[in-house]
Number of protein chains: 2
Amino acid sequence: MKRIKGRYSDAVTLRRGQDLKVTTETGNQVADMWAFSLNDMTEYMSMEHCRSINSLIHVTAGCSLVSNRRRTMLRVTHDSAEMRHDTLLCPCTSELYEELGAPGHRSCTANLHEALERHGLSCPFTPASLNVFMNVPVAGDGSVTRLPPPCQPGDHVCFTAEMDVVVVLSACPQDITPINGDARTPTDLLVEILDPSDSKAISQ
Amino acid sequence: MKRIKGRYSDAVTLRRGQDLKVTTETGNQVADMWAFSLNDMTEYMSMEHCRSINSLIHVTAGCSLVSNRRRTMLRVTHDSAEMRHDTLLCPCTSELYEELGAPGHRSCTANLHEALERHGLSCPFTPASLNVFMNVPVAGDGSVTRLPPPCQPGDHVCFTAEMDVVVVLSACPQDITPINGDARTPTDLLVEILDPSDSKAISQ
C-alpha cells in the first residue's frame, strides 16, 4: 500500500496482469492519472483515443484505456462509486492557478513531471489526464460544471494492466473550486498493487 | 487562396490580427486542425484546455482556442454552419485504419507530421485536433455517434489569430465511416488568409 499525500504525486509500475486499486480515503479527492508504456515513454494513455474506442466521453467500469497507438494499456475492472470519471478537462497547471488568483500554487501538471523526474523518466509534454473521481456533468447544450466527487469515504477504482506500464497519480491540489469537495482541502489517495509479490513500485 | 486536396494537408502561418477562413467546398469535409506558436513549437492548441476555458465540450462561434499554456491562440469569429465542431475524438491514425481493415490508409495524424516536416518543423507527439465541421453528437448517457457534417457547400469558419501561429489543416481521408458524408469521398478544403498583403503562407 502506498499513500499519496494530498497535493502530491507518485508513480508505480505495473506488469501485465497486475491490478491497481486507487482509493479516495475521504471520498473527496480527485486522482489525475497518466500511463506510459514501461518500455517506451512515447506511448501514453490518450484520452482522445479512449473516447474514440469506447464511443463514450467519460470512463466507467468496463472501459478500455488505450494508448496513442490504440493498444489497450489498462482496463477498468471495478468502480465502487459507479460514477462517470472525467476525461474532458485539462490537468490543472500553474497558469490556471494564476487565472484563479493563486500564482505559485501546486498543480497536477507539475506533479506529473516531478513524479517522472524522481524516477529518472521524462515526457516532453503533458498528455491529457484521466481524472479519476472527478465529477464533471455535461448538459444538453454541451456545457460542463465542476462538482464535488459523488463518492463515499473508501470508494475505489480497480484497473487491470494489459501491458507493462508506468502509472502516475496526482492527488489534485485544487482547493479553490469545489472539485475536491466543498471543504476545499485536498486529501490522501491510497494506491495498491493487488499482486504485491510481482509488483515493482519504482518509488519505494 | 490555398486549396488542400481531399486526403492531404498543408500549413499556413498567421500573424496576430490576421483572419483565417476555412471552407468545405462540398459541405461534406472535415478539417482536422492544429495550431502551434510560431516561435515555440512546445506551445500548441490544446483541446483539454479549450474545453476548460470555454466550459464547453465543443467549439462554436465565439469560443477561444487556447494553448497548453492557457494563452488564446485563435478566436472563432464566424461560423456559417452554426454548428458544434468536435473536440472529443482523436485524429485518425494508421492504427485506427488497421482496426477498420484498411492498413496503409492515409491518416490525419500522418498528415500533420508530413505538413510540419515539409516546412522544416516538427512535434514529437500528436496533439488532439480540433475537428472542424465534424459532427459528433453526445447523448445523455455520454455516448457519441459519428454523423456526416451538417453543412452546405461553401460553409466556412473564420478564426482570428491572437498571437503568431502556424496552423496545420488536414482534409480528413476517412472514407470508411460517414464522417465526411455518406458518399465517403474526401473532398477539398479552401483556405484563405483574409489579410493577404501581410500573410506569410509558409507553404507557398
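Order of the sequence lines sets the chain letters (A, B, ...), proteins ahead of strands, with each chain counted from 1. The model shown is predicted, which means the values in this text are computed figures rather than measured ones.
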Chain B heavy atoms under 4.5 Å from Thr87(A): which part of the residue, side chain, backbone, both or neither? backbone

Under the side-chain contact (heavy atoms from CB on, under 4.5 Å) criterion, do Arg70(B) and Thr93(A) qualify, and how do the steps go? CA-CA 9 Å; Arg70(B) 308 283 285 191; Thr93(A) 63; 4.2 Å; yes

Looking only at Arg69(B), Arg146(B), Glu48(B), Arg84(B), the option with the highest number of non-hydrogen pairs under 4.5 Å against chain A is Glu48(B)

Kindly check if the number of other-residue, nucleotide or ligand heavy atoms within 6.0 Å of CZ (Arg16(A)) is above 12? no

Choice from Val138(A), Thr145(A), Val136(A), Leu89(A) maximising heavy atom contacts with chain B below 4.5 Å: Leu89(A)

Chain B heavy atoms under 4.5 Å from Arg71(A): which part of the residue, side chain, backbone, both or neither? neither

So OG of Ser55(B) and CG of Leu88(A): to nearest 0.5 Å the spacing works out to 11.5 Å

Residues, nucleotides or ligands: over 12 heavy atoms within 6.0 Å of Glu99(A) CD: yes

So with a 6.0 Å cut-off around CD of Glu98(A), is the heavy-atom count from everything else above 12? yes

Under 4.5 Å to a heavy atom of chain B? For Thr126(A) that would be backbone

Between Val144(A) and Leu56(B), the two heavy atoms sitting closest are CG2-N, 4.2 Å

If we only count heavy atoms from C-beta on, is the Leu96(A) to Ile53(B) side-chain gap below 4.5 Å? no

Chain B interface, residue from Ala128(A), Ser52(A), Cys90(A) that has the most non-hydrogen pairs under 4.5 Å: Cys90(A)

What distance separates Ser143(A) OG from His58(B) NE2, expressed to the nearest 0.5 Å? 8.5 Å

Taking side chain as everything from C-beta outward and backbone as N, CA, C, O, which of these in Asn54(A) sits under 4.5 Å from a heavy atom of chain B? Side chain, backbone, both or neither. neither

